[in-house]
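Heads up, the thing below is written out as structure tokens.
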Amino acid sequence: QVQLVESGGGLVQPGGSLRLSCTVSGTFASIADMGWYRQTIGKEREWAASITSGGSTNYADSVKGRFTISRDNAKNTVYLQVNSLKPEDTAVYYCTANVKRYRSTIFADRYWGQGTQVTVSS
């Protein structure tokens, strides 16, 4: 089975920064798009950023200019650098990846990590 594990969350003051990481492990042929979502208690999970296998990025308006998504294909890892954090950024951050399990598989399957908590508070 494919596993995604996030790390790097924590408690920071407003204006602070964190670097979130997510590594894909298991048996698979390749990883296509990867991304980050976040979810606050009582609210739906919302998309924050995404990156294609070729490195093209997209961001939600709420994080654009403050967050940066990147990936290291050799390490099967996607990162999210979060800067200028605000209290409203407090959430559980989840990474996701579209993973092709086998070369013979036509479509990739979406996998999710268990999340890492980011708390922004003074």
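No experiment lies behind these values; they were computed from the predicted model shown. Note: hydrogens, waters and symmetry copies are ignored here, and every other heavy atom, side chains too, is used.
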- Check for a donor-acceptor pair, side chain of Glu6 on one end and backbone N or O of Thr116 on the other, with a separation under 3.5 Å. no
- Please test Arg38 against Thr40 for side chain to side chain contact (heavy atoms under 4.5 Å, CB included), starting from the C-alpha separation and ending with a verdict. CA-CA 7 Å; Arg38 61 186 185 180; Thr40 301; over 6 Å; no
- Query: So do the side chains of Phe67 and Thr57 get within less than 4.5 Å of each other, counting heavy atoms only?
  - Reply: no
- Message: Taking the cut-offs as 6.0 angstrom to the six-membered ring centre and 45 degrees off its axis, would you call Arg45 and Tyr94 a cation-pi pair?
- Response: yes
- Any idea which heavy atoms bring Ile69 and Gly35 closest together, and the distance? CD1-CA, 4.0 Å
- Message: Do Met34 and Leu18 land in one hydrophobic cluster if side-chain heavy atoms of ILVMFWY residues count as linked below 4.5 Å?
- Response: yes
- Item | Heavy-atom neighbours of Glu88 CD exceed 12 at 6.0 Å | yes
- Query: Would a distance-only check, ignoring hydrogens and angles, find a side-chain to backbone donor-acceptor pair under 3.5 Å from Arg71 to Thr52?
  - Reply: yes
- Query: For the residue pair Ser122 and Pro14, what are the closest heavy atoms and their distance?
  - Reply: N-CD, 3.7 Å
- Query: Just one of Val118, Thr90, Thr119 clears the side-chain contact (heavy atoms from CB on, under 4.5 Å) bar with Leu11, so which one?
  - Reply: Thr119
- Message: Are Tyr37 and Trp112, when compared by the centres of their aromatic rings, separated by less than 6.0 Å?
- Response: yes
- Message: When you measure from the side chain of Thr77 to the backbone of Lys75, do you find a donor-acceptor pair of N or O atoms at a distance under 3.5 Å?
- Response: yes
- Message: Using 0.5 Å steps for rounding, measure from the OH atom of Tyr93 to the SG atom of Cys22.
- Response: 15.0 Å
- Task: Examine Val82 and Val92 and state if one hydrophobic cluster contains both, with Ile, Leu, Val, Met, Phe, Trp and Tyr joined whenever side-chain heavy atoms are less than 4.5 Å apart.
- Result: no
- Answer yes or no: is there a donor N or O on one side and an acceptor on the other, between the side chain of Thr105 and the main chain of Phe107, under 3.5 Å? no
- Query: Could you go step by step and tell me if Thr96 and Trp36 meet the side chain to side chain contact (heavy atoms under 4.5 Å, CB included) rule?
  - Reply: CA-CA 6 Å; Thr96 186; Trp36 290 91; over 6 Å; no
- Query: Tyr79 and Ile31: same hydrophobic cluster, using ILVMFWY side-chain contacts below 4.5 Å?
  - Reply: no
- Quick check: are there more than 12 heavy atoms from other residues, nucleotides or ligands sitting under 6.0 Å from CD of Gln114? no
- Query: side chain to side chain contact (heavy atoms under 4.5 Å, CB included) between Thr68 and Leu80: does it pass, once the steps are laid out?
  - Reply: CA-CA 6 Å; Thr68 302; Leu80 187 68; over 6 Å; no
- Indicate yes or no: at least one non-hydrogen side-chain atom of Leu85 is less than 4.5 angstrom from one of Val12. yes
- Hey, what do you get for CG (Asp89) to OG (Ser121), rounding to the nearest 0.5 Å? 12.5 Å
- Under 4.5 Å between side-chain heavy atoms, hopping through other hydrophobics if needed: is there a path connecting Trp47 to Val63? no
- Message: To the nearest 0.5 Å, what is the distance between CG on Asn76 and OG on Ser25?
- Response: 9.0 Å
- Query: Could you go step by step and tell me if Arg101 and Gln1 meet the side chain to side chain contact (heavy atoms under 4.5 Å, CB included) rule?
  - Reply: CA-CA 9 Å; Arg101 294 293 307 281; Gln1 185 61 265; 3.9 Å; yes
- Message: Using a strict threshold of under 4.0 Å (side-chain N to carboxylate O), is an ion pair present between Asp109 and Lys100?
- Response: no
- Going by distance alone, is a donor N or O of one side chain under 3.5 Å from an acceptor N or O of the other, for Asn83 and Ser17? yes
